[in-house]
Novice: 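Below are the structure tokens for one structure; questions will follow.
Every heavy atom of this structure was used, including side-chain atoms; hydrogens, water molecules and symmetry mates were not.
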Amino acid sequence: MRFAITSKGDHKSDVLKSRMKQYLKDFSLEYDEETPDIVISIGGDGTFLEAFHNYQHRLNETAFVGMHTGHLGFYADWLPHEVEKLIIEIAKKPFETVEYPLLDIKIHPNGNAQPQQFLALNEASVKSADGTVVVDVLIKGEHFERFRGDGLCMSTPSGSTAYNKALGGAIIHPSLDAFQLTEMASINNRVFRTVGSPLILPKHHDCELKPLHRDRSFLITIDHHTGEYEEVESIECKVSDKKIRFARFRAFPFWKRVHDSFISDERE
Ligand code: NAP
Ligand code: MN
């Protein structure tokens with residue numbers, strides 16, 4: 001079996017990385033950053049997002065596991081003191097996996113240029129540096145509302161505990177093939193109207209954002225990476241056909257992770 005390790009880059013994570021690397025080699029596993037069967041992320045959820053994007057081209061072949069060296073960990077749910085236990089589990093192989101849904105984002109430029117396609121593990125958010133975001137929101141091709149405000153966020157179920165939660169979105173269990181659309185400070189008065197509530201869309205219900213002002217640029221963030229886009233014709237979002245696979249070595253139910261992250265973590 002081949003493995004790779006992504007570290008946050010701080011001292012603690014780097015030390016753990018070299019320990020794990022040596023231990024796993026001692027168990028005759030091969031270190032291979034190009035074609036790993038398993039990727040171990042050491043750091044925080046942000047580190048895990050990076051690991052996911054580095055290996056998003058081989059989701060069918062690569063499983064992920066995360067160890068956290070910081071405070072909170074949704075994707076990184078193994079603690080440093082459990083390192084030996086995790087190594088033994090990985091070395092035992094084969095391992096079980098669980099799959100979580102991802103979000104497909106297509107940014108269509110004006111004219112005939114090809115759309116740019118992205119995959120998100122947490123979310124895609126749309127904001128503007130030139131004032132209010134004004135977009136028509138279409139669901140399954142039907143006009144739903146005209147949104148005016150700071151922006152919109154489309155999150156996966158596992159991303160629902162991140163930015164989405166801060167925007168008043170619901171926490172969605174990742175066994176549901178869905179994504180959530182939340183508003184950022186919509187303008188609502190007698191003239192301008194939006195639904196105001198987060199929407200949860202099932203698979204095959206795509207959501208499209210069509211800017212009214214083509215001359216405005218948009219700041220589109222996919223997970224931890226932000227890009228500026230000019231001349232945007234539309235932004236299309238739907239539940240992806242692809243999924244992320246987590247190597248599962250023990251039961252750690254999603255609601256327990258929610259509890260430990262937001263209510264209290266008695267393990268520490
Ligand atoms: P960051 O600014 O370090 O991330 C903000 C926080 O979100 C960190 O505490 C991060 O955990 C945590 N986080 C990431 N994914 C999560 C998840 N699925 N569930 C619960 N918490 C999660 O930036 P980053 O580390 O590169 O992460 C990018 C993410 O930050 C974005 O995808 C977005 O969801 C989130 N974000 C949140 C807000 C907000 O809450 N107002 C605003 C912007 C972005 P770690 O410290 O372990 O990395
Ligand atoms: Mn972070």
Novice: Under a 3.5 Å threshold, yes or no: a donor from one side chain and an acceptor from the other, between H108 and E236?
Specialist: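 Distance-only check passes for H108 and E236.
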Novice: Without swapping roles, check the side chain of H213 against the backbone of D215 for a donor-acceptor pair under 3.5 Å.
Specialist: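 Side chain of H213 to backbone of D215, a donor-acceptor pair under 3.5 Å: no, none is there.
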Novice: Determine whether L212 and V135 make a side-chain contact, defined as any pair of heavy atoms from C-beta on separated by less than 4.5 Å.
Specialist: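 Not touching, per the 4.5 Å side-chain cut-off.
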Novice: Closer than 4.0 angstrom, basic N to acidic O: yes or no for K210 and D136?
Specialist: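 No salt bridge links K210 with D136.
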Novice: So, do F252 and R250 sit near enough that their side-chain heavy atoms are less than 4.5 Å apart?
Specialist: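 Side-chain contact under 4.5 Å: yes.
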Novice: With no hydrogens and no angle check, just 3.5 Å: does a side-chain donor-acceptor pair link Q180 and S160?
Specialist: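 No, no side-chain donor-acceptor contact under 3.5 Å.
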Novice: Show me the donor-acceptor pairs, under 3.5 Å and distance only, between side chains in residues 110-127 and residues at least two apart or in other chains.
Specialist:
unit_1, atom_1, unit_2, atom_2, d
N110, ND2, E231, OE1, 3.3
N122, OD1, Y75, OH, 2.7
K127, NZ, Y163, OH, 2.9

Novice: Taking the side chain from T62 and the backbone from L59, do they hold a donor-acceptor pair closer than 3.5 Å?
Specialist: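 No, the answer is negative, given that no donor and acceptor are paired below the 3.5 Å cut-off.
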Novice: I'd like to know if the side chain of S7 pairs up with that of S13 as donor and acceptor (distance under 3.5 Å, no hydrogens or angles considered).
Specialist: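 The criterion, which ignores hydrogens and geometry beyond distance, is not satisfied for S13 and S7.
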Novice: Can a salt bridge be assigned to the pair R248 and E96 using a cut-off of 4.0 Å between side-chain N and carboxylate O?
Specialist: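 Yes.
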Novice: Would you find a donor on one side and an acceptor on the other, under 3.5 Å apart, between the side chain of S186 and the backbone of E183?
Specialist: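 It does not hold such a pair.
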Novice: Between R58 and P36 (side chain of the first, backbone of the second, donor and acceptor by atom type, cut-off under 3.5 Å), is there such a pair?
Specialist: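 Side chain of R58 to backbone of P36: a pair is present.
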Novice: Is there a donor-acceptor pair closer than 3.5 Å between any side-chain N or O of T132 and the backbone N or O of V134?
Specialist: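 Here the side-chain-to-backbone pair does not exist.
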Novice: In this structure, would I5 and I38 fall into the same cluster of hydrophobic residues linked by side-chain contacts under 4.5 Å?
Specialist: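 Yes.
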Novice: Are F95 and F246 near enough that their ring centres are under 6.0 Å apart?
Specialist: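 So the answer is no for these two rings.
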Novice: Same cluster or not: L181 versus V195, using hydrophobic residues (I, L, V, M, F, W, Y) connected whenever any side-chain heavy atoms lie under 4.5 Å apart?
Specialist: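 Yes, it is one cluster - the side chains of L181 and V195 are joined through contacts under 4.5 Å.
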Novice: Test salt bridge (Lys or Arg N to Asp or Glu O under 4.0 Å) on D32 and R2; report intermediate values, then the result.
Specialist: CA-CA 6 Å; D32 176 358; R2 298 178 305 273; 3.4 Å; yes
Novice: Does the side chain of D26 pick up a donor-acceptor pair with the side chain of Q22 at under 3.5 Å?
Specialist: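 Looking only at side-chain atoms, Q22 and D26 do form a donor-acceptor pair, the distance falling under 3.5 Å.
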Novice: Sub-3.5 Å donor-acceptor pair from the side chain of S128 to the main-chain atoms of D130, do we have one?
Specialist: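 Judged by distance alone, yes, a pair lies under 3.5 Å.
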Novice: Quick one: do the H68 and D77 side chains pair a donor with an acceptor below 3.5 Å?
Specialist: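 Short answer, no.
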Novice: Hydrophobic cluster membership, with links at side-chain heavy-atom distances under 4.5 Å among I/L/V/M/F/W/Y: are I90 and Y31 in one?
Specialist: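 Shared cluster, yes.
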Novice: Going from NE2 on H53 to CG on L49, what distance comes out if it is rounded to the nearest 0.5 angstrom?
Specialist: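 Answer for the NE2-CG pair, H53 versus L49, is 6.0 Å.
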Novice: Can you tell whether the side chains of E230 and R214 come within less than 4.0 Å, N to carboxylate O?
Specialist: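 Here E230 does not pair with R214 in a salt bridge, since their nearest N and O are not under 4.0 Å apart.
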Novice: Where the side chain of R245 meets the backbone of T97, is there a donor-acceptor pair that is under 3.5 Å apart?
Specialist: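 Judged by distance alone, no pair lies under 3.5 Å.
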Novice: Is there a donor-acceptor pair under 3.5 Å between the side chain of K203 and the backbone N or O of A178?
Specialist: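 No; zero donor-acceptor contacts below 3.5 Å.
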Novice: Taking the six-membered ring of F262 (Phe, Tyr or Trp), confirm whether the NZ or CZ of K165 is under 6.0 Å from its centre and within 45° of its axis.
Specialist: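 Output yes; distance and angle both within limits.
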Novice: For residues T35 and E61, is any side-chain donor paired with an opposing acceptor at under 3.5 Å?
Specialist: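 No, E61 and T35 have no side-chain donor paired with an acceptor closer than 3.5 Å.
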Novice: With a 4.0 Å cut-off, would you call D177 and K243 a salt bridge?
Specialist: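 Answer for the salt bridge query: yes.
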Novice: Return yes when atom NE2 of H224 has more than 12 non-hydrogen atoms of other residues, nucleotides or ligands closer than 6.0 Å, and no otherwise.
Specialist: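 Above 12, so yes.
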Novice: Salt-bridge test for R19 and E84: reply yes if a basic N is under 4.0 Å from a carboxylate O, no otherwise.
Specialist: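 Salt bridge between R19 and E84, a charged N being under 4.0 Å from a carboxylate O: yes.
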Novice: From I220 CD1 over to T226 OG1, what is the distance, rounded to the nearest 0.5 angstrom?
Specialist: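 With rounding to 0.5 Å, CD1 (I220) is 10.0 Å from OG1 (T226).
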Novice: Can you check whether L103 reaches V239 side chain to side chain, under 4.5 Å on heavy atoms?
Specialist: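 With C-beta onward as the side chain, the pair stays apart.
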Novice: With no hydrogens and no angle check, is any side-chain donor or acceptor of R193 less than 3.5 Å from a backbone partner on N189?
Specialist: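 Side chain of R193 to backbone of N189: a pair is present.
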Novice: Got V65 and W78 here, is their nearest side-chain heavy-atom distance under 4.5 Å?
Specialist: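 They are in side-chain contact.
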Novice: Are I171 and I263 co-members of a hydrophobic cluster defined by side-chain heavy atoms under 4.5 Å apart?
Specialist: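 Unlinked, I263 and I171 end up in two clusters.
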